[in-house]
Number of protein chains: 2
Amino acid sequence: MSKCEQCIVREFSSLKALTKDELIKLSDCKTSLIIKKGEVIFEEGENVNGIYCIKDGICKLTKLSANGKDHIVKLVTKGELLGQRSMISDEPVNLSAVALEDMQVCFIPKSEVMGYFDKNNQFSMNVMKTICGDLKEADDHMVNLAQKTVKERLAETLLYLNDTFGKNEDNSLKVQLSRDELASIIGTATESCIRLLSDFNKLGLIELTGKKIVLKDITKLKKLAE
Amino acid sequence: MSKCEQCIVREFSSLKALTKDELIKLSDCKTSLIIKKGEVIFEEGENVNGIYCIKDGICKLTKLSANGKDHIVKLVTKGELLGQRSMISDEPVNLSAVALEDMQVCFIPKSEVMGYFDKNNQFSMNVMKTICGDLKEADDHMVNLAQKTVKERLAETLLYLNDTFGKNEDNSLKVQLSRDELASIIGTATESCIRLLSDFNKLGLIELTGKKIVLKDITKLKKLAE
DNA sequence: TTAAAAATATGATATTTGTCATATTAAAGA
DNA sequence: TCTTTAATATGACAAATATCATATTTTTAA
């Protein structure tokens with residue numbers, strides 16, 4: 001079993017505040033998991049008795065809306081923790097987590113994490129700051145959904161994917177989303193999303209090759225996103 | 001100057017975890033403020049060096065969107081704290097706070113509050129739980145904005161206002177929002193909001209008398225909100 | 001009290017977005 | 001490989017929503 005003391009990913013999450021002793025103890029009680037693309041880590045409404053630390057891969061956090069469609073609330077990648085909100089609120093998770101690519105994930109039981117809150121103030125502050133960051137992001141996102149057009153939101157989302165997850169050697173966006181998933185990030189119908197991608201393609205803003213998307217004119221995309 | 005030990009409102013916020021000694025010290029360093037309807041408590045981008053505890057009244061938290069319109073992210077009322085996220089993240093506030101009616105508010109400087117985080121674990125947990133609650137609410141809100149129609153959002157918002165802030169003796173909603181403000185909660189044009197209110201009125205779902213709104217058929221409104 | 005300004009209301013119309021139908025392409029399994 | 005299924009694409013149309021114009025009412029302030 002891999003050791004948390006040597007895990008580089010730890011440095012990017014709230015767990016960086018843990019002492020050497022805490023890390024050794026953590027190594028013993030954590031569970032390492034391999035999650036395949038498309039597999040569910042947890043489902044909305046489930047009781048998740050701990051948090052997940054993402055060592056590698058990307059997943060989507062979705063929420064089922066009243067009309068039966070999934071909405072993608074957030075994409076999460078290595079170095080981030082899942083299930084913090086649920087653990088702190090002592091409630092079932094309000095979002096589902098599904099792998100967008102093969103993932104390596106460690107599960108840390110609640111009992112272990114809650115101990116850090118009492119004993120390690122820096123850890124508490126780190127978690128708080130993360131959640132505060134999520135809240136600010138959610139506010140921004142909310143305003144965009146309420147005030148921007150679908151076209152603006154698509155442009156913005158493409159830029160976000162580029163900035164946050166980078167690109168492959170062929171310049172295509174690293175995160176591979178289906179048109180359906182992309183539509184459920186920007187909050188529109190799949191057909192509308194496809195149509196706008198076609199428009200962007202014709203305008204030379206992007207290049208579509210199968211599922212791959214290459215951003216060709218970032219300046220114009222930024223203008224479009226307002 | 002009023003004393004925090006005797007303030008009933010305290011019991012409804014994270015501050016309920018404070019000890020008697022902490023409360024006495026708090027009374028000395030807090031500032032009591034009277035904010036008139038329409039006045040700004042703080043503005044997006046400002047550095048707010050502490051938190052505000054709402055003793056009485058209601059205010060709106062707004063965010064300016066790229067198109068120049070304000071979006072109302074949240075309504076906040078007595079017993080709640082303002083500025084926690086900003087203080088914890090050590091960043092300027094990301095939202096503006098404007099009074100919707102006359103308010104009584106206490107300002108507590110950052111230096112004082114930050115001390116509680118170190119010394120009073122229950123206080124930390126309370127704050128964390130509050131912010132986690134806000135985050136969950138924001139996620140829900142986001143999905144609604146992305147997936148529901150304007151009509152559904154209006155019905156839902158009217159029910160929310162009724163449930164959260166109650167009604168006057170004449171059965172009209174207690175929070176007095178302009179059509180413009182209502183539109184900027186549900187994320188639509190003012191005219192669309194007015195038009196739908198008229199429709200609801202004609203359908204007998206609500207009753208409009210000037211600015212006053214009375215919910216006449218809550219069952220049907222709930223069905224409309226899905 | 002009255003004039004001016006702001007808020008509310010409604011019609012006409014344009015634009016955006018969603019839905020349904022259907023074709024085409026790509027992916028998965030037998 | 002072939003067949004089946006799912007994903008992508010596009011047209012035609014319908015519905016939702018925004019915008020602009022203008023009337024009416026309410027509020028504000030001189």
Side-chain angles (χ1 to χ4, degrees), chain A residues 36-38 65-71 100-101 144-158 172-173 176-203 206-214 224-226, chain B residues 36-39 65-71 100-101 144-158 172-173 175-203 206-214 224-226:
Chain A
K36 294 259 165 168
K37 178 176 176 171
S65 79
N67 62 28
K69 276 191 207 161
D70 263 331
H71 181 79
L100 288 177
E101 43 183 61
N144 282 344
L145 284 168
Q147 308 273 3
K148 288 192 174 177
T149 64
V150 175
K151 194 188 287 180
E152 289 166 345
R153 266 140 56 198
L154 175 58
E156 189 177 41
T157 301
L158 291 174
S172 64
L173 294 180
Q176 284 259 17
L177 295 170
S178 68
R179 303 293 190 256
D180 192 58
E181 285 169 329
L182 192 51
S184 96
I185 291 180
I186 67 184
T188 189
T190 309
E191 295 95 324
S192 299
C193 175
I194 290 173
R195 225 178 286 273
L196 284 171
L197 282 174
S198 288
D199 291 351
F200 282 11
N201 190 11
K202 279 166 197 156
L203 289 168
I206 62 174
E207 198 174 85
L208 298 173
T209 318
K211 255 194 176 63
K212 286 178 182 288
I213 301 176
V214 178
L224 253 184
E226 212 132 332
Chain B
K36 293 260 168 175
K37 179 177 175 170
E39 281 181 5
S65 81
N67 62 25
K69 274 190 209 164
D70 264 331
H71 181 80
L100 289 176
E101 44 184 59
N144 281 343
L145 284 168
Q147 309 273 5
K148 288 193 174 176
T149 64
V150 175
K151 195 188 286 181
E152 288 167 344
R153 267 139 56 199
L154 175 57
E156 190 178 41
T157 302
L158 291 174
S172 64
L173 294 180
V175 230
Q176 285 260 15
L177 295 169
S178 69
R179 302 294 190 257
D180 192 59
E181 286 170 328
L182 193 52
S184 95
I185 291 179
I186 67 183
T188 190
T190 309
E191 295 95 324
S192 299
C193 175
I194 289 173
R195 227 179 286 274
L196 284 172
L197 281 174
S198 286
D199 291 351
F200 282 11
N201 190 9
K202 280 166 198 154
L203 290 168
I206 62 174
E207 197 174 86
L208 299 172
T209 319
K211 254 195 178 60
K212 286 178 183 287
I213 301 176
V214 178
L224 253 184
E226 212 134 328

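Below, chain A is the first sequence line, B the second, and so on; all start at residue 1.
Judged by distance alone, the side chain of A:R179 and the main-chain N or O of A:C193 form no donor-acceptor pair under 3.5 Å.
Spacing between atom CG of B:D199 and atom P of D:dT17 amounts to 12 Å, rounded to whole angstrom units. The distance from atom NZ of A:K37 to atom C1' of C:dA28 is 13 Å, rounded to the nearest whole Å. For the pair A:Q147 CD and D:dT19 P, the computed distance is 10 Å after rounding to whole Å. Protein atom CG of A:L177 is 14 Å distant from nucleotide atom C1' of D:dA7, rounded to whole Å. In this entry the distance linking CG of B:L208 with P of D:dT25 reads 15 Å, nearest Å. Atoms CG (A:L197) and P (D:dT8) sit 10 Å apart, rounded to a whole Å. In this structure, B:E152 places its CD atom 16 Å from P of D:dA15, rounding to the nearest Å. Following rounding to the nearest Å, B:K148 (NZ) and D:dA15 (C1') show an atom-to-atom distance of 19 Å.
Using a 4.0 Å heavy-atom distance criterion, B:S178 is classed as a sugar-phosphate-only contact. Among the atoms of the strands shown, none is found under 4.0 Å from any heavy atom of A:T190.
Between B:K148 and B:E226 no salt bridge is recorded (no basic side-chain N to carboxylate O distance below 4.0 Å).
Taking only side-chain atoms of A:A189, from C-beta outward, the nucleotide of C:dT19, D:dA9, D:dT10 with the closest atom is C:dT19. Across C:dG18, D:dT17, C:dA9, the shortest atom-to-atom separation from the side chain of B:R179 is found for C:dA9. Between D:dA18, D:dT19, D:dA9, one nucleotide has an atom nearer to the side chain of A:I194 than all others, and that is D:dA9.
One finds the CG atom of B:D70 at 8.5 Å from the CD atom of A:Q147 (value rounded to the nearest 0.5 Å). The structure places CG of B:L197 at 4.5 Å from CD1 of B:I206, a figure rounded to the nearest 0.5 Å.
Contact annotation: B:K211 side-chain N/O to C:dT8 OP1/OP2 distance is under 4.0 Å. In terms of phosphate contacts, B:S192 brings no side-chain nitrogen or oxygen within less than 4.0 Å of OP1 or OP2 of D:dA16.
A donor atom on one side chain and an acceptor atom on the other are not found under 3.5 Å apart for B:D180 and B:S178.
Of the two residues contacting DNA chain D, namely B:E191 and B:L196, the nearest-nucleotide position lying further toward the 5' end is that of B:L196.
Under 3.5 Å, the side chain of A:R195 and the base of C:dG18 form no donor-acceptor pair of N or O atoms.
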